[in-house]
> 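Can you keep this structure in mind? I'll have questions shortly.
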Amino acid sequence: MTDPIKNAIKHETPTPSAASDAVYGSDVIAGTLRALDIEYIALNPGASYRGLHDSLVNYLGNKKPQMVLCLHDENAASIAQGYWKASNKLMAVGLHSNVGLMHASMPIFNAWCDRTPMLILGATGPWDAAKRRPWIDWIHTCSDQAALVRNFTKWDNQPGSTAAAVEALLRGAQIAETAPRAPVYINLDVTTQEEKLENPPVIPDVRRFAPPPPVQPAASEIEAAAKLLSTAKNPVLLCGRGSRRLDHWNARVALAEKLDMRVITQIKLAASFPTDHRLHAAPPANRLVPAAKKTLAEADVILALDWLDLAGALKQAFGDKPVTAKIINVSCDTHLHRGWSMDYQALPPVDVWMNCEPDAAVPLLTAAVTARPRKIEGPAYALAGAPSEPLALKGLAYALNAAVDKQNVTYTHLPLGWSGAYTHFRHPLDYLGFDGGGGVGAGPGLTIGAALALKGSGRIPIGLMGDGNFLMGNTAVWTAVHYQIPCLMIICNNRSFFNDERHQGHVAEYRGRPSENAWIGQKIIDPDIDIAAMARAQGAEGIGPVTKMADMQPAIERGIAIVKAGGVCVIDARVLPGYDGE
């Protein structure tokens, strides 16, 4: 349970406003956010929504929603994404006109690919040209501002009145939180925000505008899937996207156990099944490891629970041969597939398709299938972290496991080269997955957003990320320190954009050119960047650089102690380049 007192973040309390009957458009908009139970709005301030800003402070007292000031628009959106990933609760984002929206377009795309909802509030200069201030209002006004992100948002609107803005917020929250979930964008005209209202619209009972209950699969679909699974000789579960609810987690385990069915998960997505369970077949990874390929290739029935890139997984296992296994696909993701982005991946073959969320279908499947005798025993694999000198990711993992021991931690982010065999996930909050869209720079914001959601829960938020990721989003550290949001960031610092360094090496080798030149334009050296000093400059504790294996565990233990005491800590871990997560 989250402790409501410990959960409170630093509150910037405004001077009370004098009593007045005056109500402005933005007051009603702010009141609607409160009615929607929006706890926080992450923002980078801007004059385009100065009316809303005033209402949040002087009309609502900076409470529900409370403003979370960010030093970059990208951090604001990433924090909202991380908050949902840890809480399944919607957070608002404030973005200043077209320029703030352009800044935040990358993390919005991350959230889109991650199927994470957020309520994004933008603003534009006066739509009435006669009311625009010279120069600034003109360059900050667009004829179709939402077009900047329309291809990777679920819905957008530019309401022309306060009453329309209320409806837009209700509709936007409803759409964002209806599966498949994604961000929505609402653009508020300055004039609408700053208009003094003689007869303010009444904010309706928001419970009547809640998202619909989860769609249930048809009885015929459950029957067909249950028949395939019950008669299968070697069924396999691809456990993909799922909620953070513990009852949903337990339901997935119950289904796998009843069928004595091998399970595969992936490290790009949040934990959805205990990785040390006897049925978990192989370490989660970016691409299927050999043991997972073998397990999938031997399956005669495959149950995919909203698996990210189902066709890609089948391709890895079966190659160019026909997929002989029967495929049961439980996913409503197709409702979000559009023409601009190819994030829907290749088209998989499907024999039974339930167009719903997996967590709605799993209990029904469990009740319908025939139990199979227990034959599979585990564990299927051992943890792979080990001491290493010089320090490498496997050595860092070994020190991390030793430092964490039996404490409850949430891994808010993992670096690209991390092996799924480095640690086990035993609870839906143990690991929150990647950023979704491969947008470098999201790691700090995701970690802080998750830490905000977890504050007071007793869990220790730990984000591991590459140096490039941290350097692009590092100003989020200030937000964590300022609002007293405890978290630990461990920077796996190989002093390179190493993923691209590998690509350059492959290209050079293919062309018969020197692969030794792959580091040029990739290495973050000369001068060396003092990441710990960057953290200290923003009020956090900075540890490092840590270069020796013997110093790694004490550094992490110190970092955990700082977080448990309410602080923010960043550790600069100087690791060798190398990927173990494939």
> CG of Leu33 to CG of Leu121: how many Å apart, nearest 0.5 Å?
5.5 Å
> Measure the shortest side-chain to side-chain distance between Gln193 and Tyr49 over non-hydrogen atoms and say whether it is less than 4.5 angstrom.
yes
> What heavy-atom pair brings Tyr185 and Ala123 nearest, and what distance separates the two atoms?
OH-N, 4.1 Å
> Can you tell me how far CZ of Arg338 sits from NZ of Lys154, rounded to the nearest 0.5 angstrom?
10.5 Å
> When rounded to the nearest 0.5 angstrom, what distance separates OG1 in Thr366 from CZ in Arg252?
11.5 Å
> Rounded to the nearest 0.5 Å, what separation is found between the CD1 atom of Ile41 and the CG atom of Leu119?
8.0 Å
> Does the side chain of Arg459 come under 3.5 Å of the side chain of His427 through a donor N or O and an acceptor N or O?
yes
> Please check if any side-chain donor atom of Lys564 sits under 3.5 Å from a side-chain acceptor atom of Gln407, or the reverse.
yes
> Does Ser26 use its side chain to pair, donor to acceptor, with the backbone of Ile29 at less than 3.5 Å?
no
> I want to check something: taking the side chain as every heavy atom from C-beta on, are Leu255 and Leu303 in contact at a cut-off of under 4.5 Å?
yes
> CD/Gln538 to CG/Leu71 distance, rounded to the nearest 0.5 angstrom?
7.0 Å
> Determine whether the side chains of Asp54 and Asn58 contain a donor N or O and an acceptor N or O closer than 3.5 Å.
yes
> Just by distance, do the side chain of Lys268 and the backbone of Asn286 share a donor-acceptor pair under 3.5 Å?
yes
> Would Ser243 and His248 count as a side chain to side chain donor-acceptor pair (under 3.5 Å) if you check the C-alpha gap in whole Å, the side-chain angles of each, and the deciding distance to 0.1 Å?
CA-CA 7 Å; Ser243 84; His248 288 164; 2.6 Å; yes
> Taking only residues two or more places apart in sequence, or in another chain, which ones meet Val481 in a side chain to side chain contact (heavy atoms under 4.5 Å, CB included)?
Val477, Ala540, Val568
> Is it the case that Ser48 and Ser97 place a side-chain donor and acceptor less than 3.5 Å from each other?
no
> Under a 4.0 Å threshold between the charged nitrogen and the carboxylate oxygen, would Lys89 count as salt-bridged to Asp37?
yes
> Is the distance between the ring centroids of His103 and His96 under 6.0 Å?
no
> Is a side-chain N or O of Asp73 found less than 3.5 angstrom from the main chain of Leu95, in a donor-acceptor match?
no
> With a sphere of 6.0 Å drawn around CD of Gln174, does it hold more than 12 non-hydrogen atoms of other residues, nucleotides or ligands?
yes
> Are Tyr411 and Tyr431 close enough that their ring centres sit under 6.0 Å apart?
no
> Hey, can you tell me if Tyr483 and Trp478 have their rings parallel, tilted or perpendicular (30° and 60° cut-offs)?
perpendicular
> Quick one: do Cys142 and Thr124 satisfy side chain to side chain contact (heavy atoms under 4.5 Å, CB included)? Show the steps, please.
CA-CA 7 Å; Cys142 298; Thr124 181; 5.6 Å; no
> Main chain of Leu60, side chain of Arg34: is a donor-acceptor contact present, judged purely on distance under 3.5 Å?
yes
> For Ile186 versus Trp155, what's the shortest heavy-atom pair and its separation?
CG1-CZ3, 4.1 Å
> Hey, is CH2 on Trp340 packed in by over 12 heavy atoms from elsewhere, all under 6.0 Å?
yes
> Between Asn355 and Ser331, do the side chains contain a donor N or O and an acceptor N or O under 3.5 Å apart?
no
> Is there side-chain contact between Val570 and Phe470, with heavy atoms separated by less than 4.5 Å?
yes
> For Asp27 and Leu197, run side chain to side chain contact (heavy atoms under 4.5 Å, CB included): C-alpha distance rounded to whole Å, both residues' side-chain angles, the deciding distance at 0.1 Å, then the answer.
CA-CA 10 Å; Asp27 294 340; Leu197 304 175; over 6 Å; no
> Would you call Met354 and Ile328 a side-chain contact if the rule is heavy atoms closer than 4.5 Å?
yes
> Please assess Arg181 against Glu357 for the test salt bridge (charged side-chain N to carboxylate O under 4.0 Å, His left out), listing each intermediate value before the final yes or no.
CA-CA 11 Å; Arg181 298 168 185 85; Glu357 290 185 272; 2.8 Å; yes
> Do you know which two heavy atoms are closest between Ile448 and Ala476, and how far apart they sit?
CD1-O, 2.9 Å
> If you define the side chain from C-beta out and look only at heavy atoms, does anything of Asn187 sit under 4.5 Å from Asp156?
no
> So, Asp144 and Gln158: side-chain donor and acceptor under 3.5 Å apart, yes or no?
no
> To check you understand the geometry: which heavy-atom pair defines the closest contact between Pro126 and Lys131, and what is its length?
CG-O, 3.6 Å
> Does the side chain of Gln345 pick up a donor-acceptor pair with the side chain of His337 at under 3.5 Å?
no
> Is Thr479 reaching over with its side chain to a backbone N or O of Thr475, donor-acceptor style, under 3.5 angstrom?
no
> Provide the closest heavy-atom pair for Ala451 versus Pro486 in the form atom of the first, atom of the second, distance.
CB-O, 3.4 Å
> Under 3.5 Å, is there a donor-acceptor pair between the side chain of Gln145 and the main chain of Leu101?
no
> What are the two closest heavy atoms between Gly463 and Thr412, and how far apart are they?
CA-OG1, 3.1 Å
> Could you tell me whether Arg50 and Glu194 make a salt bridge, using a distance below 4.0 angstrom between a side-chain N and a carboxylate O?
yes
> Just by modelled atom types, is the Ser87 backbone N or O under 3.5 Å from a matching donor or acceptor in the Arg244 side chain?
no
> Do the side chains of Leu452 and Met91 get nearer than 4.5 Å, heavy atoms only?
yes
> Find out whether the Lys NZ or Arg CZ of Arg245 is both under 6.0 angstrom from the six-membered ring centre of Trp249 and within 45° of the ring's axis.
no
> Would you say that Pro217 contacts Leu364 through its side chain, given a criterion of any heavy-atom pair below 4.5 Å between the two side chains?
yes
> Nearest 0.5 Å, please: how far is CE in Met118 from CG in Leu90?
9.0 Å
> Are side-chain heavy atoms of Asp114 and Asp435 found at a separation under 4.5 Å?
no
> Determine whether a donor-acceptor pair (N or O, by modelled atom type, separation under 3.5 Å) exists between the side chain of Asp306 and the backbone of Gly240.
no
> May I have the step-by-step check of side chain to side chain contact (heavy atoms under 4.5 Å, CB included) for Asn408 and Ile460, ending in yes or no?
CA-CA 6 Å; Asn408 285 331; Ile460 302 166; over 6 Å; no
> Taking Asp343 for the side chain and Gly437 for the main chain, is one N or O donor matched with an acceptor at less than 3.5 Å?
no
> Go through it in stages, so that I can follow the logic: the residues are Leu305 and Asp359, the test is side chain to side chain contact (heavy atoms under 4.5 Å, CB included), and I'd like the CA-CA distance, side-chain angles, deciding distance and then a yes or no.
CA-CA 9 Å; Leu305 299 182; Asp359 294 317; over 6 Å; no
> Is there a donor-acceptor contact under 3.5 Å from the side chain of Glu195 to the main chain of Val190?
no
